[in-house]
Each structure stands twice: as C-alpha cells, then as structure tokens.
Amino acid sequence: MATETTGKGKDSVTPDAEQAALKRLDQNLAKMDELAKRLTAAMAKHHPVNAALNAPDPDVFTKGAAAYWSEMVQNPAKVFEHQAEFWSKSVQHFLEAQQALANGKLEAPEDHTPDDARFSNPLWKTHPYFNYIKQQYMLNAKAIKDAVSDAEGLDEVERQRLTYFSQQIIDMMAPTNFLATNPDALERAIETEGESLVKGLENLVADIEANKGELLVRLADTSAFQVGGNIGTSEGQVVYRNRMIELIQYAPKTEKVHALPLIIFPPWINKFYILDLKEQNSFIKWVTEQGITLFVVSWVNPDRSYADVGIEDYIEEGYLAAIREAKEITGQKKVNTIGYCIGGTTLAMTLALMKHRKDRSVNTATFFTALTDFADQGDFTPFLQNDFIDGIEAEVNNYGILRSHIMSRTFSFLRSNDLIYRPAIRSYMMGETPPAFDLLYWNGDGTNLPGKMAVQYLRQLCQRNEFVTEGIELCGERLHVSDVTVPVYAITCETDHIAAWKTSYRGVQQMGSKEKTFIVSQSGHIAGIVNPPSKKKYGHYTNEDLSLDEATWFDTAQFHEGSWWPRWGEWITANSGKEVAAREPGDATHPAICPAPGSYVTASLPT
C-alpha cells in the first residue's frame, strides 16, 4: 500500500491509497451481497437425501458408550488411567504455554507431536497460539482413538464402524478446517486484503450451484478439460448403440492385427476415459499399438427412467450385446474380454451365465481390480450395514436412481483429508482455483446408478455374497463363481482401498478356470492399472502358485520392476490368434454412428 512520510517521521496512508482501499471494500461488499443471494438460490434447489445416508444409526455410538461404561464398572482402573493420562497431559500442556508467556517469551513450548502434513506452516510450531491449538487437538484425537481401541464388548463390525466414524469426527474437527485457527488462510486474507475470502465464497457458491444445492468440493478445474478435446482423444467410432451402451471400435495403429478382438467393459460407476486420459498414459492407445482390434463399452448415464434396470439388463444388453456385435463386425467366433472393477464383477457373472447357456464366445477374461468374493468388505464396512443400505433403498424409491453425488461423497469420505478437507481449505479459505489435473477431473465426472441395480449389488453381492455362497439368481439361472472356466488373468493393486488385492485373490482362487494368472501391481485402484511402461514408475509381483494363502503368496512372489502391461500384452497376443489385415471401425451393417468418445460419455448428468 502506498505511504507518505509525515513531518514526524512516521509513515501514513496516502489519500489516494485510502480511497482505493475503500473502493475495493465497497466492491467486495457488493460481491458478497451478490454471492449471498446466489447461495440462497442454489440451496433452494437442494433435494434432501434420506437421513440414513447422512449419519450412521445412532446405535453405533450407543453401543460404543455402553462398552465404555461397562469397562468403567468392570475395570475402573484402566478407564481412570486413560482419563488421568489425558487430563495430566492437557494440564501440563497448558502450564507450559502459560510459563512461556509469563517469562515474556512469545514462543511455543517444546513440541513432540508427530509430523502431520496439515500442520506444515511453521507457525504451528513457533507461534504459541497456533501451537497450543495444534497440540491440544493432537491430545484430544489420541484420547478418542485410545477410548475406541480399548472398548470391549463390541463385535468386529461394530468396532470397525465406531473406529471409522470417530476418525471422521477427529478429521472434521481439525483446526486447519476453521478460518480462525488456520494460519495459512489468515495470512492469505491479510496479503490479499480479504480478496481471498471473497474468491473462496465465490468458489463455494459455484460448487453448490453446480451440484443443485449439494456441497461437493470441486477437485479439479473443470474448464481445463473437454472429453474428446484434450482427454479421451484416441481415434475411433461408435459402431453400435442401444439404451445401455455405446460400443466404440478404435482405429488400428498397425498394418496387421490379431484375429480375435478385445472388448473392455469398464465400470459404470465411473466413465471409461480413465483408460484414455492422454496419449502418454492411454491404455486404449497402447493396446491398439500391440496389434489388437479394440472395442470399448461406454455405459449410459441413467436417469429416472432406468429405475427398474437391474444387473441382468447390464448383462443382456451390455455384455452379451457387445460380444455379439464385436463378433459380427470382425467375423470371429470368439472375443477376449477385460472387466474393470464392478465391470469385472459383472463380467464374471456373465461368464457364469454363458457357461450355463453353453455359449463359448469368450476366449479369455482379464480382470482389473475386480471383486467376486465380498466376504471381507474392507474399508466399505461402515457403509454396507443395514442402516446405510436401508437409506439407499429409500433414496432410490424416491428418485429411481442413486444420484451420482451420493456415490462420490461416499468414496471421498474414505480419504476425507485428501478428497474433502484439503481441497475445501484451498478453494474456500485460500480462494485458489482447483488444479488442472486430469485424473481429478475424471474423478469428479460422476454417474448415476439405476435404483434396482444399486440395491441388487449392495444386498445380493456386498451383503449376502451370493456369487460365492449359494449362487446368485440372474437371467433365469443360478450363477456361481466356480462357473467361470475360461482362462483368467487378474491384475490387482497393492494399496487398493476399493478392491483389496487379498479379497480379489480369494475370488480368483474360487473360479473354475484351469489357467489362472494373478498379478499384484504397486500403487492403488487407478495408478496401479493406468501404469504405462514408459513411466517406469510402479513394479508388480507374480507367483504361479495360487493354492497359497494370500500372505504366503505375496511373501514368496517375485517382484518385477516396471509396468505389468508388457507381461499381460505377451499373454493377450498369444491368445488372440493369427495376424490378419488391420480393420477399420465398423462394417457394412455397422456404419459409424459418431466419432469416439461417443455421446453417452459427454452427455450432461441426467436427473
């Protein structure tokens, strides 16, 4: 700010600078008034979600409290020890801070709290106010965790749920999440004369407007990407369309291709272009470069008219339709297949159905991070109990669909600090524009789920695990995982929190296939799959003995540097027949409908 020196030798604000500051203040106040009106209008469009989806059954906390008081009666010394430890540390912490101030030192006391990325600003260590808040928060968090972990009389699911929800409370109450106790946000507000807070409110209103009254933190700059423009750009044509799918055939990259085509069935919970974000990491592009005729299914993003669409419709009008059309276009009797996540789960059920129907159209099946055995619900345990699924049933009864933001919010809360709180701090407190990050853009490009299918998946597969127990009844048959008998190649990911590799392994073990290959890639659900050889980033583990338990399999597995893509590529080409002349997309009976990536993937989110 411009200043002038007075006769007394002190700096003061010039009249021009003062007028400019007042003008900025008036502009910001006017903008705040406009934003407040927009916020009110946006919130009025909010469609309420069933209460059960916003919070767990209170019984979760009631049982936790009962276990605590039971412990108090049966083992009071242990409980008093916890309370005494927490109280003594809190008092000691307060006295140390007081002593520092009493000695005239504006400095923080000694700090032995563990490193935490949320508290990276030096003021958390050096400033007595912020340091006191941080240390007390750490003490509170530890006390809550200790109380939960030591609670007795809870079964494993109850303990898992109580642990999860108590951690959500801990994360939500972090001082970094509040303006008055976030030094980064306060510093930015001072540096920008409050402009960052106005911009933050603008970002907040824009997010609520974009999601029809729901608060979903935008993770990426949506203006930086266009599907079919700078992401999802591999050349191809939609050669078949029905109410469930667009079937895309990609243009060949080689003069010769192997005879058998390959069909990729991505999950309909997300969109297929995760496999084609950009040329450098496009699995779709890489496959065509291996001399493979590639088809990819692009699923419709359903609206309320799809309320009665179930898993059987996905099988008949998705999987079997795509297989039929790809065979007709290429003139082949068989195809190879890939199923990713729920796309792999349903591919397994499709293969079981084809076994019953004596349909031998599938030559091989590759599974990317796909579950077939749901005995271990992993990180999703808190959401797969009756209170939440009852809430989902009520939701789909009201709307016909499971709206995309509910799925998005559920996945985000599994990694709440990374996918909710940090992005919210940057956007709403710091006033920053979200990053232009293609993966995060894809992550926010949500899809709805048909009501019937969502409930089938949650009740019959996730809760009752029918596919590996008594069998799941679909399409007039009882389907069992052992009915999968084609050669199988499964790729899982070491740190996958959505489809844990150990759970995937148990499902593959139960398949009836005589030829089975199992790989564990380093990294997680996306990065472990979208792992091009050129990056040389993540390695992978192999072990031919699938009779071993998970721990022994991994302990005795061989580690390989680099991507699994070339290893799988050798296998798929060896199973794709002789070479023939490259095929352009479509044929006389399947003229090109529109260029890839098609219309289903770019359609506005239906409601």
Side-chain angles (χ1 to χ4, degrees), residues 48-68 82 86 113-114 116-119 133-134 136-151 154-179 181-182 204 207 211 214-219 376-392 395 402-403 405-429 443-444 458 462 495-498 500 524-525:
V49 174
N50 185 273
L53 296 176
N54 285 321
D57 187 330
D59 196 41
V60 173
F61 300 106
T62 301
K63 287 184 177 179
Y68 180 85
H82 274 192
F86 170 69
T113 55
D116 188 315
R118 292 173 295 178
F119 304 110
I133 290 170
K134 181 193 81 168
Q136 191 60 45
Y137 167 74
M138 294 288 206
L139 287 172
N140 294 344
K142 183 178 183 303
I144 293 172
K145 289 178 182 178
D146 288 347
V148 170
S149 65
D150 286 349
L154 299 173
D155 65 33
E156 189 53 37
V157 170
E158 290 168 344
R159 182 178 302 281
Q160 215 170 334
R161 300 193 86 201
L162 190 61
T163 299
Y164 170 81
F165 290 116
S166 63
Q167 185 61 51
Q168 291 302 313
I169 293 170
I170 291 169
D171 291 341
M172 181 177 65
M173 298 308 295
T176 46
N177 296 337
F178 303 91
L179 178 62
T181 52
N182 187 316
L204 172 65
D207 286 354
N211 292 287
E214 289 287 341
L215 176 55
L216 285 178
V217 185
R218 192 161 37 109
L219 299 178
D376 182 357
Q377 298 168 347
D379 286 0
F380 284 93
T381 299
F383 302 106
L384 293 176
Q385 308 313 308
N386 282 332
D387 51 358
F388 272 93
I389 298 181
D390 288 347
I392 286 174
E395 167 79 9
L402 182 59
R403 292 175 288 169
H405 71 268
I406 296 174
M407 288 295 298
S408 176
R409 187 176 63 185
T410 300
F411 281 103
S412 292
F413 269 108
L414 292 176
R415 295 291 182 271
S416 56
N417 282 324
D418 293 330
L419 296 177
I420 297 176
Y421 298 121
R422 287 193 186 104
I425 290 166
R426 288 195 299 267
S427 185
Y428 307 149
M429 288 193 206
N443 188 71
L458 294 170
C462 296
T495 58
D496 193 337
H497 66 285
I498 295 172
H525 193 71

**Request:** Before giving the answer on side chain to side chain contact (heavy atoms under 4.5 Å, CB included), spell out for Leu419 and Phe413 the whole-Å C-alpha distance, their side-chain angles and the decisive distance to 0.1 Å.
**Result:** CA-CA 7 Å; Leu419 296 177; Phe413 269 108; over 6 Å; no
**Item:** From CA spacing to verdict: side chain to side chain contact (heavy atoms under 4.5 Å, CB included), Arg161, Asp387
**Value:** CA-CA 12 Å; Arg161 300 193 86 201; Asp387 51 358; 3.0 Å; yes
**CD-CG distance between Gln385 and Leu458, expressed to the nearest 0.5 angstrom** = 11.5 Å
**Request:** Using a 4.5 Å cut-off on heavy atoms from C-beta on, say whether the side chain of Arg415 contacts that of Asp379.
**Result:** yes
**Spatial distance of atom OH (Tyr421) from atom CE (Met172) [nearest 0.5 Å]** = 5.5 Å
**Prompt:** Taking all non-hydrogen atoms of both residues, which atom of Phe388 and which atom of Pro382 are closest, and how far apart?
**Reply:** CD1-O, 3.4 Å
**Fill in**
Paired with Thr163, the side chain to side chain contact (heavy atoms under 4.5 Å, CB included) test is passed by just one of Gln167, Arg159, Gln160, namely Arg159
**Considering all heavy atoms, the nearest Leu219-Pro423 contact** = CD2-CG, 3.5 Å
**Item:** Ser166 OG to Asp171 CG distance, which is reported to the nearest 0.5 Å
**Value:** 9.5 Å
**Item:** side chain to side chain contact (heavy atoms under 4.5 Å, CB included) evaluation trace for Thr113 with Lys142
**Value:** CA-CA 11 Å; Thr113 55; Lys142 183 178 183 303; over 6 Å; no
**Message:** Rounded at 0.5 Å granularity, tell me how far CD1 in Ile425 sits from CG in Leu179.
**Reply:** 10.5 Å
**Item:** Nearest heavy atoms of Thr176 and Phe119, plus distance in Å
**Value:** CG2-CE2, 3.9 Å
**Request:** Would you name the heavy atoms of Asp116 and Met138 that are closest together and state the gap between them?
**Result:** CB-CE, 4.0 Å
**Prompt:** Taking the six-membered ring for Trp, are Phe383 and Tyr164 parallel (under 30°), tilted (30 to 60°) or perpendicular (over 60°)?
**Reply:** perpendicular
**Fill in**
Between Phe380 and Leu414 the two heavy atoms that sit nearest each other are CZ-CD1, 3.5 Å
**Complete:** Of all heavy-atom pairs linking Thr495 and Gly524, the shortest is OG1-N, 3.3 Å
**Message:** Any heavy-atom pair between the side chains of Asp207 and Tyr428 that's under 4.5 Å?
**Reply:** yes
**Message:** Can you tell me how far apart CZ (Phe165) and CD1 (Ile170) are? Round to the nearest 0.5 Å.
**Reply:** 13.5 Å
**Prompt:** How far does SG of Cys462 sit from CG of Leu384, to the nearest 0.5 angstrom?
**Reply:** 5.0 Å
**Prompt:** Please walk me through it: do Asn443 and Phe411 pass side chain to side chain contact (heavy atoms under 4.5 Å, CB included)?
**Reply:** CA-CA 10 Å; Asn443 188 71; Phe411 281 103; over 6 Å; no
